[in-house]
Amino acid sequence: MSQSAPLHPDQKPDQSPAYITTPIYYVNDRPHIGHAYTTTLCDVWARAMRFAGRDVFFLTGTDEHGVKVEKSAQARGIEPQALADENAAEFQKVMKMFNLTNDDFIRTTEPRHERQVQSLVKRLLETGDVYLGEFEGWYDEGQEEYVTETKAKETDFKSPISGKPLVRANERNYYFKLSAYQDRLETLFADHPGFVKPDARRNEVLGRLRGGLQDVPITRTNFTWGIPFPGDEEHVIYVWIDALLNYATALNLADADDDRHRYWPATFHVIGKEILWFHAVIWPAVLMALELPMPGCVYAHSFWISEGKKMSKSLGNFVDLPTIERYLDVYGLDAWRWYMVNNGPLGATDADFQAAGFHETYTSDLVNTVGNCASRTTAMLGKYFDGVVPADAGCEFPGWDLKASADEAVTAWRAALEDFALDNACAAGIGLLRTVDAFINATEPFKVAKDPERQDELASTLARCIEAVRIASVMLWPVIPQRMESLWLAIGCDIDPASGDLTTQACWGDSLVGAQTEKVALFPRIDAASTPMADVAS
RNA sequence: GCCGAUGUAGCUCAGGUGGUUAGAGCGAGGGAUUCAUAAACCCUAGGUCGGAGGUUCGACUCCUCCCAUCGGCACCA
């Protein structure tokens, strides 16, 4: 059997550092499916890239400042930091629940972050990109916060909470000179069409960019729970600049030298579509001002809705942590990750979380395809070869070339990951298994086995099936790591994703020949009745 | 209100630059079979391609208007 490499035969695999981030999550919220989703996407990509040999840094964390946290804490009679600690712990619990492999968890109240934010803001002050100016707007005295012109108009210039009229108020604020970056931003978007993905989101940004940019205030004085502005401590650095800079401070970028600098800039900033503007426009402008290299891509996914409706507390269809835990109990973590990646809002439209859909996806993809294909292949090896993988006898099966199919799948898988098309990466993996199924149906090894004259044919068929299954498992591992690892155990192959040798592992070969295998049932069939139903009051 | 996106079979979606009977997966119905987790396989389902106009010999694909859903509209993560 030839051992030619399926991908970039002449090139070494890309071993450059890679940096992927989630937004930092606001501690005033409780973790829910949205947080789990974004973080899981990043985890899948990070796992795949590490396996592929890249030096990956995967960051997530919490955003802990701001008026809302201050008020929530006040309402409970505790210090803001205590509230932040409590909820940050809740978010960290999520990382454990989903077996996420983030390399760091940054909190904006950490000294390392605060110190660097001050230092970076100071730098902006020195370059003239931050200046002291006057801010005027509609102020809600009851809520002690400014509301936007649009919001004010919507509520007829009255406070939505107290009903009292909004007042015109002003204060001195530090501004970021966003307007100065209009041209450079346009150039950025023109030169890097992939800077914002998906395309629909990019168009939105471009459209709004055409409308022109105004400078943006980056400090507040109406609350104190935040990072003091360097040199003018009455001002607190406003949350979004505080928050955005986490991507830099986690890598100690404000410090002269650090090991983590090699990860900069981000390969992907994965975010939800609601914070696109900050990431696609303000963030790059700030980086330009700081003279830091631009990220490769801001990937803005859409939202989950639940059972056809927007998630809301009053509807009771919020997919929160306890709900998710029920799914994990019944279906297992891998099934949850598979559903997130394959049925989620990776594209421009929102995705619907449906209990029935979850069960369907689990059954058709994982039980009937991945599980069943592994099962029938290992069963035949057990029956006809006592579980020992035979050598490929080199028989020809016109119209079938599993090696070529595997190579194609791996190439497609790689391309999908470059694009953050995680669902397509899954499709490449599972597609190869469908091909194996079709191959078995066409060559009928279970009939061939009855004829002692056709042992070569039988060996050729099953050797190729199990090798294709092995390669598919490599592609599927980032999404369903637990079950793929049990598969590896069952087919006696020694694969360690941490070794970064995916290129070797994804290569068609005969490494399994002689391996002792046993029949596996990777994904148990589950009674639809035990699917956790959303508590939708209908 | 403004900007943008989306609206194609029950569900999730494909459908460069307009052109014979509009596709796939899942589900559903039927069939056949056993290597396998009642799985894989075969056949079937006839959706006015959101609505109304228009351009054209001809539009799902171009234009206009309308409707529905979603995001943003600058401090709201």
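To find a chain, count down the sequence lines: A is the first, B the second, and so on, and within it residues start at 1.
The local environment of CD in A/Glu134 is crowded, with over 12 non-hydrogen atoms from other residues, nucleotides or ligands closer than 6.0 Å.
Contacts of A/Pro217 with the nucleic acid, taken as non-hydrogen atoms under 4.0 Å apart, include base atoms. Contact annotation for A/Thr349: backbone-only contact, meaning every heavy-atom pair under 4.0 Å involves sugar-phosphate atoms and none involves a base. Counting any heavy atom pair closer than 4.0 Å across all strands shown, A/Ala379 reaches sugar-phosphate atoms only and no base atom. Residue A/Gly34 is out of contact with every strand shown, counting any heavy-atom pair closer than 4.0 Å. Using a 4.0 Å heavy-atom criterion, one finds that A/Phe303 contacts the sugar-phosphate atoms exclusively.
Atom P of B/G31 sits at a distance of 29 Å from the matching atom of B/A22, rounded to the whole Å. Only the C1' atoms considered, B/C60 is 14 Å distant from B/G51, to the nearest whole Å. Remark: the separation of the P atoms in B/C62 and B/G19 is 11 Å, to the nearest Å.
The stretch residues 421-432 of chain A has no heavy atom under 4.0 Å from RNA chain B, so no residue of it qualifies as close.
Of the two residues contacting RNA chain B, namely A/Asn342 and A/Glu204, the nearest-nucleotide position lying further toward the 5' end is that of A/Glu204. In this structure, A/Lys519 and A/Thr361 both approach RNA chain B, and ranking their closest nucleotides by distance from the 5' end singles out A/Thr361.
With the 3.5 Å cutoff on both pairing distances, Watson-Crick and G-U pairs in RNA chain B assemble into runs of at least 3 at B:1-7 with B:67-73, B:10-13 with B:23-26, B:28-31 with B:41-44, B:50-54 with B:62-66.
Contact check on A/Lys273 versus A/Asp350 returns a salt bridge, with a Lys/Arg side-chain nitrogen under 4.0 Å from an Asp/Glu carboxylate oxygen.
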